[in-house]
Amino acid sequence: MNGIDNFTLGAVMNKRSRFVIVVTAWLAVAALPLAHAETVLHVFAGGPQQRTDLTRKMFDEYEKRNPGVKVTLESGGATSELQRQYLSTVLGAKDSTLDVLILDIINPAQYYAAGWIEPLDQYLGVKDAKSYMSQYLPAYATADVIDGKIVALPDFADSMFLYYRKDLLDKYGVKPPTTWDELATVSQKIQQGEKNPNLQGLSFQGAPIEGAVCTFLLPYWSQGKDYQKGIQLDKPAAVKGLDMWLGMVDKGVAKKNIAEVKTGDTVNEFMAGDVVFAINWGFAWDLFQTDPHTKVKGEVGVAKLPAMRGGQSATCIGGWQWSVSAFSKNKAEAAKLVKFLSSPEVSKYLAVKGSLLPVYANVYSDNDVLKANPWYGLALPVVESAKSRPVTSRYAEVSDVVRTQTSAALARVNKPEATVDEIDSRLSRVMR
Ligand code: GLC
């Protein structure tokens, strides 16, 4: 019996060890190509305002669905122009470290002209760029197609809105203002009534950041004017716009050091309960509702921006796109990731978790999206009619001149007339 058992056991052992050897050998062979098959994609994903925390979650999801692909996230640059400077240095040096880049809506034209970003058509298998891009809101379908080629796919949309304290407006029986003059009057009433010397009527961006280009253009556009290549700057209208902002400071509605205020300052001060009206972008809503420091949860209303007297409300189109670096060594895999990041599924996730505005019209009316952002009914027409900052491959120059000059005017270093003359003369060649 023992002998048989031993024999049997020996036979089993033999079979098992053969099995072990075979499996080990197979694994060793299989592991070789597997190790090589692992693709690592390096992504520059912006700063906190682009919600890199949510982007990371989407990368995790992508990794789960695509075994063999790892995605690393690099963040940096608190503001759009700092990110542009950083990427210009990296890409200007033809550095191949980054595969995928997040770009502000103002940048694809410059990056494509410089040869820094790769057309995606062939990777997406797209023959007709126009019809493929028609799934997105028109502003992005336009900004991300250059010379008939898809050079980026939209991540999230954006616009400037007027955030206001519903509780304070209700207390004083006033409606959200439709003109800047009305906003000043309403603010003064609330500020006087509240007797709180720290309460600002209006916070907007006067620091020399990218957002100050919009600050310059908002009241200018509102007078029915435009500033694009081939359209000359209407100087009296531009001066009137700057005078309007300075008037807000003179009336005590905006704070004296408005020339130092950045996007995040407005958000933080509004969130702390120190501001009645704030001009800001879509991401701010989520922070007002869910940030651990917010004191205004449930008290915030959103409206379209007021107009100049006799003019129309006008806002600035913003938003972010994903593109593939022309120097990437993994373009096909990078384009696949970009396609996922620009999908309706991700768009919905960003809207629900971060109030980042959808790039698909139908996502605005999704029930979960509306639950998190009850004001999205208003947002869609605002985004659809928002205006573009000058569209040019030399946008970096436009931005540098307009934002620094605007901020200097708000700091009263230069008079509005001199500021506008300076902008016009410095940019006349670029804008011709
Ligand atoms: C927001 C907008 C972007 C704009 C920036 C300015 O991020 O989406 O387009 O340039 O703000 O600060």
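As the structure lists them, so they are numbered: ligands from 1, and atoms in each ligand from 1. Fair warning: this is a prediction, and the values are worked out from it, not measured in the lab.
Using 4.0 Å as the threshold, Arg389 has a heavy atom nearer than that to some atom of ligand 1. Residue contacts with ligand 1: Ile209 is excluded, as none of its non-hydrogen atoms falls under 4.0 Å. Judged by the shortest distance from any of its heavy atoms, Gln49 lies outside the 4.0 Å radius around the atoms of ligand 1. At a 4.0 Å cut-off, not a single heavy atom of Phe283 sits close enough to ligand 1 to count as contact.
Within 6.0 Å of CG on Asn367 lie no more than 12 heavy atoms contributed by other residues, nucleotides or ligands.
Aromatic ring orientation, Phe340 versus Tyr62: tilted (interplanar angle from 30° to 60°). Taking the six-membered ring where tryptophan is involved, the planes of Trp375 and Tyr163 are perpendicular, since the angle between them exceeds 60° and thus also 30°.
In terms of polar-atom proximity, Gly319 is counted as a contact of ligand 1, with an N or O under 3.5 Å from an N or O of the ligand.
Interface atoms of ligand 1 facing Asp158, defined by a heavy-atom separation under 4.0 Å, are 1 (C), 2 (C), 7 (O), 8 (O). In summary, the atoms of ligand 1 found under 4.0 Å from a heavy atom of Gly211, numbered by their order in the structure, are 6 (C), 12 (O).
Nearest protein heavy-atom neighbour of atom 4 (C) of ligand 1: Asp104 OD2, 3.4 Å. Among protein heavy atoms, atom 7 (O) of ligand 1 sits closest to Trp320 NE1, 3.1 Å.
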Item to complete: Evaluate side chain to side chain contact (heavy atoms under 4.5 Å, CB included) for Phe204 paired with Val261, printing each intermediate quantity in order.
Response: CA-CA 7 Å; Phe204 61 95; Val261 173; over 6 Å; no
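For Glu61 and Lys64, the salt-bridge test passes: some basic side-chain N is under 4.0 Å from an acidic carboxylate O.
The nearest pair of heavy atoms linking Asp265 to Glu260 is OD2-O, 3.6 Å.
Between the CE atom of Met248 and the CG atom of Leu183 there is a distance of 5.0 Å, given to the nearest 0.5 Å.
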